[in-house]
Protein chains: 2
Amino acid sequence: MTGLRTGERTAEIVIRRLSAFRRISPQAAANLEDAVRGRVIVASAGQEVVCEGDPADRIRIVLSGWLARYKALEDGRRQIVAFILPGETCDPYVYLTRQMDHSIASLTPTSFAEIERERFEALVASDRSLAEAFRCEMLSNVAIQREWTLNLGRRDAFERVAHLLCELIERLRRIGLWDGNSCALPVTQLDLADATGLSVVHVNRTLQELRSSGLIVLRDRLLTVHDLEALKEAALFSPDYLNYLPLA
Amino acid sequence: MTGLRTGERTAEIVIRRLSAFRRISPQAAANLEDAVRGRVIVASAGQEVVCEGDPADRIRIVLSGWLARYKALEDGRRQIVAFILPGETCDPYVYLTRQMDHSIASLTPTSFAEIERERFEALVASDRSLAEAFRCEMLSNVAIQREWTLNLGRRDAFERVAHLLCELIERLRRIGLWDGNSCALPVTQLDLADATGLSVVHVNRTLQELRSSGLIVLRDRLLTVHDLEALKEAALFSPDYLNYLPLA
DNA sequence: CGAGAGTTTGAATGTGCTCAAGGAACGTGG
DNA sequence: CCACGTTCCTTGAGCACATTCAAACTCTCG
């Protein structure tokens, strides 16, 4: 696998990600890779990549790095409504609406492909299982959003943070960024607070609680979990909502 | 408009609803009406129409009545993640997943059409703007879900309940169930609690607060709002996320 | 060395919850 | 026709989870 050019390596993670939903044929993969190579944007950490109100004229596929989708209230309160991970399509079919109703910011150095409406439509028209994979991704996005609604509405802080970690681990596992025990967690406690609807202070205390119960180790943006089943149990986590195909 | 048979009247609201997203041609409307008439299910209030774990083999379009989409935790905690109103499609394309990750219950006496996968795919294949309307409905669903995430995460009880009411009013207005000042609100305070992530007791107190600030009148399941702009302001509500076409 | 971002701690406060009980409205059966 | 059960709404009191405010600490980077 050494010696691959960047384009190939990054397309690889997109295929891997879509394969969580449908088997992607080599031909479809090649078409997708072409489209992905068309226009690649690079952003450093902390950039506003998409702003609320921007025209929704293209879709974006993340090649590397983490992004956060968020909505803000006039008085500054902010809610991260989703994390967007490598390989994920930001908003399949979003060009059917007039403008973005939320913003997207990079949490880490990031690269992503931009695909215009016409090109994307041609792509999904050319291959049925690719089209289905993108639609599954939409279904998965809304299922995750529903689970977050449950998380914010009915889980307490401890369960809530634990659940978020379980979800991220499961999603990272799909793209090979979870090694069985640990993964990079490149977000600040403020990000976690905005994602869980808690205050920074309380996230800090909740993480300490998770640490002292032996459920997680979190240091220098590296998350380690020795007993994932125990964490899932504490979080009342069940991965069904992610809509993934069974792992091989 | 008198003398229409039930099938025609109910198809009418489905067309009206989809027209919030795209102009539907008479031909497409006729096709849709055929599909809707194929299999109509009637349910009384309080029925579990779809259970978590059920096969996701068909889509459902509500003809009349209110439904609630909800998720439950093992210990009984329950979160309504969406209200489903007349004319709305429960889950466009849901058959691409294996099984339902949530349940749906009727809040009122309800009727809805069931459409099998093949029939639905033929329907959207036959008309481009109909297909786009259904995709817009998906985008709208996920946008609403994101807004609920913000609502539960960052608005306090008062704003939260006010925001939910604003959203429902806006959606009901689209299908002619808001007369400019009032609408039926056929849900219990327990339902509102499960939707807003609050306790019943606190919803009761919050409604009293909304009443005594003069923002709402709510009696016998009839909601009246004399100054909608004031309610929207209190809720920090802006309807952009609903993705509707401008009203004629 | 200083600046800045992120994390941690303590103390006081408050929003919303739980528990408990009573009241209103409605339908059913004796 | 009244008694009763059920569901929903309302109220009070005490408590708890999470917030806010403030400050100190750590680490990195220039």
Side-chain angles (χ1 to χ4, degrees), chain A residues 44-47 66 68 73 75-80 105-109 151-164 184-212 216-223 234, chain B residues 44-47 66 68 73 75-80 105-109 151-164 184-212 216-223 234:
Chain A
S44 59
Q47 301 292 303
W66 286 39
L73 294 176
D75 60 10
R77 280 175 284 178
R78 191 177 97 122
Q79 177 68 41
I80 291 180
S106 56
L107 298 174
T108 68
N151 210 22
L152 295 180
R154 290 301 185 214
R155 274 186 263 251
D156 65 26
F158 188 84
E159 298 164 331
R160 209 183 289 180
V161 174
H163 190 278
L164 176 59
L185 192 77
V187 299
T188 65
Q189 293 186 0
L190 179 58
D191 295 327
L192 291 177
D194 283 340
T196 52
L198 301 167
S199 66
V200 204
V201 172
H202 202 58
V203 163
N204 182 283
R205 289 176 173 138
T206 305
L207 287 173
Q208 289 178 48
E209 231 187 305
L210 281 162
R211 279 189 272 246
S212 64
I216 68 168
V217 178
L218 180 54
R219 272 197 52 197
D220 301 330
R221 310 274 157 103
L222 182 75
L223 171 68
Chain B
S44 59
Q47 301 292 304
W66 285 40
L73 295 176
D75 60 11
R77 280 175 285 178
R78 193 177 95 120
Q79 177 69 41
I80 291 180
S106 56
L107 298 173
T108 68
N151 210 23
L152 294 181
R154 290 299 184 214
R155 273 186 264 251
D156 66 25
F158 188 84
E159 299 164 331
R160 210 184 287 181
V161 174
H163 189 278
L164 176 60
L185 191 78
V187 299
T188 65
Q189 293 185 0
L190 179 58
D191 295 327
L192 291 177
D194 283 341
T196 51
L198 301 168
S199 68
V200 203
V201 172
H202 202 58
V203 163
N204 182 282
R205 288 174 174 140
T206 305
L207 287 173
Q208 288 177 47
E209 230 187 306
L210 282 162
R211 277 189 274 246
S212 64
I216 68 167
V217 179
L218 179 54
R219 272 197 53 197
D220 301 329
R221 310 272 158 102
L222 181 76
L223 172 67

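Note that these values count all heavy atoms, side chains included, but never hydrogens, waters or copies made by symmetry. All values derive from a computational prediction rather than experimental measurement. Proteins get letters first, then strands, A, B, ... in listed order; numbering begins at 1 in each.
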Check your understanding: Separation of A:D191 atom CG from C:dG6 atom C1', in whole Å?
Key -> 11 Å

Review point. Checking A:R77 side chain against B:R154 main chain: does a donor-acceptor pair fall under 3.5 Å?
Key: yes

Practice item. Verify, without hydrogens or angle tests, whether B:Q79 (side chain) and B:A195 (backbone) share a donor-acceptor contact under 3.5 angstrom. Key: yes

Review point. Any side-chain N or O of B:N204 under 4.0 Å from OP1/OP2 of D:dC9?
Key: no

**Study point:** Touch class at under 4.0 angstrom, heavy-atom based, for A:R160 against every strand present
**Key:** nothing

Point to revise | Nearest-nucleotide comparison on DNA chain C, the residue closer to the 5′ end among B:L198 and A:V200 | key: A:V200

Point to revise | Residues A:T196, A:T206; criterion side chain to side chain contact (heavy atoms under 4.5 Å, CB included); working and verdict | key: CA-CA 11 Å; A:T196 52; A:T206 305; over 6 Å; no

Exercise for review: Would you mind building the protein contact string for nucleotides 20-30 of chain D? One character per nucleotide, 5' to 3', B for base within reach (heavy atoms under 4.0 Å), S for sugar-phosphate only, - for untouched.
Suggested key: BB---------

Check your understanding: Which part of the nucleic acid does A:R219 contact within heavy-atom distance under 4.0 Å: base, sugar-phosphate only, or nothing?
Key -> nothing

Review point. Would a distance-only check, ignoring hydrogens and angles, find a side-chain to backbone donor-acceptor pair under 3.5 Å from B:R221 to B:A184?
Key: no

**Study point:** Donor-acceptor under 3.5 Å (A:D194 side chain, A:D191 main chain)
**Key:** no

Exercise for review: Please answer whether the main-chain N or O of B:F158 pairs with a side-chain N or O of B:D156 as donor and acceptor at a distance below 3.5 Å.
Suggested key: yes

Check your understanding: Just checking B:G46: base, sugar-phosphate only, or nothing, at a heavy-atom cut-off of under 4.0 Å?
Key -> nothing

Review point. When you measure from the side chain of A:Q208, which nucleotide among C:dT9, C:dT7, D:dC8 comes out closest?
Key: C:dT9

Exercise for review: Could you check whether A:R211 gets within reach of a base, just the sugar-phosphate, or nothing at all, counting any heavy atom under 4.0 Å?
Suggested key: sugar-phosphate

Review point. Between B:R221 and D:dC9, does any side-chain N or O lie under 4.0 Å from OP1 or OP2?
Key: yes

